[in-house]
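Some notes on the structure that comes next.
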Amino acid sequence: RFYPGIDISYRPTEKMKLFASWNMALRMPTFTDLYYSGTNIEGNSNLKPEKTNDIALGAKYRTTALELQAETFYSHKSDMIDWVVYEDETYDNEGNSIPQKEWIYRSGNFKLDNYGVELNAAVMPRELLGEHSPLRRIAVSYAYISENIAHERPVALSKYAQEYLKHKVVVQADGTIWRNLNISLAWRWQEREGAGNAPYALLDGKLSWDTAAWSAYVDCTNILDKTYYDYSIVRQ
């Protein structure tokens, strides 16, 4: 099969760039997807390969002290692979509910359409205020995704497809504290779809001593010691 891709960019001015892309792709199911069998997990040897058709449009504006970028995208995916619990397998032949710990995740194909936007902005204060500015770079980014999912059979639980990241905001700042002592901070807020996925915010940082010959640094994640859950059940 033939899976082409086209990428185009155009510069109307030195500071601005417009770009667009269209790509098709294929992913074969893994051995696990096809044949794995374990506790509450069952593969499906009849799975079809995943196929995607993606379109993106965007614009970028850049000067020595400012960067702006906006991008929108749409993706049509067919025969996507996910591990799901089918609704008709959550109760027995007599209509009685089966305990959730006995539910079986099965690999299956489904259709998916998603679209979204990404917005990015960055300012370089030193380019405006000179080398005496303690801040080198301040950046803000936002991403939004929405999905439409279609399964052939009604689904009670999904391992991946229904747990997508809908909103994400990141604020970053890089600067100098004293001489060669530099600091970088990143605040991240995100909201994931799916039952039990509460929004949360995290603060990460990096402290480094940088010279022309060597660099030493300390990284710290989740500085504020926030308790949160990844995919609603994995405590962090």
Side-chain angles (χ1 to χ4, degrees), residues 5-25 52-77 80 111-129 133-149 158 160-176 182-206 219-224 226 228-232 236:
I6 299 174
D7 296 274
I8 301 172
S9 65
Y10 169 66
R11 288 188 179 275
T13 69
E14 287 186 2
K15 298 177 181 179
M16 177 173 285
K17 180 173 74 171
L18 307 177
F19 56 90
S21 65
W22 168 70
N23 295 278
M24 296 179 66
T52 66
N53 203 321
D54 304 322
I55 298 173
L57 299 170
K60 187 174 184 178
Y61 178 82
R62 181 171 184 173
T63 67
T64 55
L66 177 67
E67 291 181 8
L68 299 173
Q69 182 169 326
E71 182 177 349
T72 183
F73 58 87
Y74 168 75
S75 180
H76 173 70
K77 306 175 187 291
M80 298 301 290
K111 294 181 181 179
L112 173 66
D113 287 294
N114 64 14
Y115 57 90
V117 295
E118 278 191 41
L119 304 173
N120 299 281
V123 177
M124 279 60 73
R126 285 187 180 175
E127 300 296 334
L128 295 172
L129 306 175
S133 172
L135 287 173
R136 290 197 310 271
R137 187 173 188 270
I138 302 173
V140 179
S141 63
Y142 170 70
Y144 168 82
I145 296 178
S146 182
E147 291 188 352
N148 293 316
I149 304 170
S158 164
Y160 304 113
Q162 295 177 354
E163 305 275 330
Y164 66 93
L165 196 60
K166 189 167 187 175
H167 299 280
K168 184 176 181 179
V169 178
V170 179
V171 180
Q172 294 178 292
D174 302 324
T176 300
N182 298 311
I183 188 171
S184 177
L185 294 172
W187 179 83
R188 170 167 47 102
W189 177 88
Q190 62 185 50
E191 179 180 351
R192 187 178 295 277
E193 283 289 284
N197 285 317
Y200 61 85
L202 300 176
L203 179 66
D204 301 330
K206 179 179 179 180
D219 269 329
C220 185
T221 59
N222 196 7
I223 293 173
L224 302 180
K226 172 73 173 178
Y228 64 101
Y229 290 83
D230 191 25
Y231 288 101
S232 76
Q236 303 291 316

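Quick caveat: nothing in here was measured; it's all calculated off a predicted structure. Counting begins at 1 with the first residue of the sequence.
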What do the steps show when you test Asp204 against Thr221 for side-chain hydrogen bond (donor to acceptor under 3.5 Å, both in side chains), and what is the final call?
CA-CA 4 Å; Asp204 301 330; Thr221 59; 5.0 Å; no

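- The minimum heavy-atom distance linking Asn197 with Arg192 is given by the pair CB-O, 3.1 Å.
- A distance of 12.5 Å separates CD of Glu14 from OG1 of Thr63, quoted to the nearest 0.5 Å.
- Put simply, the residue from Gln190, Gln236, Lys226 that forms a side-chain hydrogen bond (donor to acceptor under 3.5 Å, both in side chains) with Tyr200 is Gln190.
- Side-chain N/O atoms of Tyr115 and Asn148 include no donor and acceptor closer than 3.5 Å.
- The closest side-chain heavy-atom distance from Leu66 to Leu128 is not below 4.5 Å.
- For the pair Gly205 and Leu185, the tightest heavy-atom approach, listed with the atom from each and the gap, is CA-CD2, 4.0 Å.
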Decide yes or no on side chain to side chain contact (heavy atoms under 4.5 Å, CB included) for Leu119 and Tyr144, but give the supporting numbers first.
CA-CA 9 Å; Leu119 304 173; Tyr144 168 82; over 6 Å; no

Check the pair Asn23 / Asp7 against side chain to side chain contact (heavy atoms under 4.5 Å, CB included), numbers first and verdict last.
CA-CA 8 Å; Asn23 295 278; Asp7 296 274; 4.2 Å; yes

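- With rounding to the nearest 0.5 angstrom, the CG atom of Asn114 is 11.0 Å from the NE2 atom of His76.
- Side-chain contact between Ile8 and Trp22 is absent, with no heavy-atom pair separated by less than 4.5 Å.
- Across every non-hydrogen atom of Glu71 and Ala56, the tightest pair is OE2-CB, 3.6 Å.
- In this structure the side chain of Asp54 reaches within 4.5 angstrom of the side chain of Lys77, judged on heavy atoms.
- Between Ile145 and Lys166, the closest side-chain pair of non-hydrogen atoms is not below 4.5 Å.
- When all heavy atoms are compared, the tightest approach of Leu112 to Ile149 is CD1-CG1, 3.6 Å.
- For the atom pair CG (Leu68) and NZ (Lys15), the distance works out to 12.0 Å, reported to the nearest 0.5 Å.
- Between the CG atom of Asp174 and the OG atom of Ser184 there is a distance of 4.0 Å, given to the nearest 0.5 Å.
- Between Asp113 and Tyr74, the shortest heavy-atom distance links the atoms OD1-OH, 2.7 Å.
- Ser146 places no side-chain N or O within donor-acceptor distance of the main-chain N or O of Gly116, the cut-off being under 3.5 Å.
- The shortest distance between side-chain heavy atoms of Val169 and Trp187 falls below 4.5 Å.
- Side chain of Arg188 to main chain of Leu202: no donor-acceptor pair is present (N/O by atom type, distance under 3.5 Å, no hydrogens or angles).
- The CD atom of Gln69 sits 10.5 Å away from the CZ atom of Arg62 when rounded to the nearest 0.5 Å.
- Counting all heavy atoms, side chain and backbone alike, Glu191 lies closest to Pro199 at CG-CG, 3.9 Å.
- Residue Arg136 holds its CZ atom at 5.0 Å from OG1 of Thr176, rounded to the nearest 0.5 Å.
- Put simply, the side chain of Arg137 reaches to within 4.5 Å of the side chain of Met124, judged on heavy atoms.
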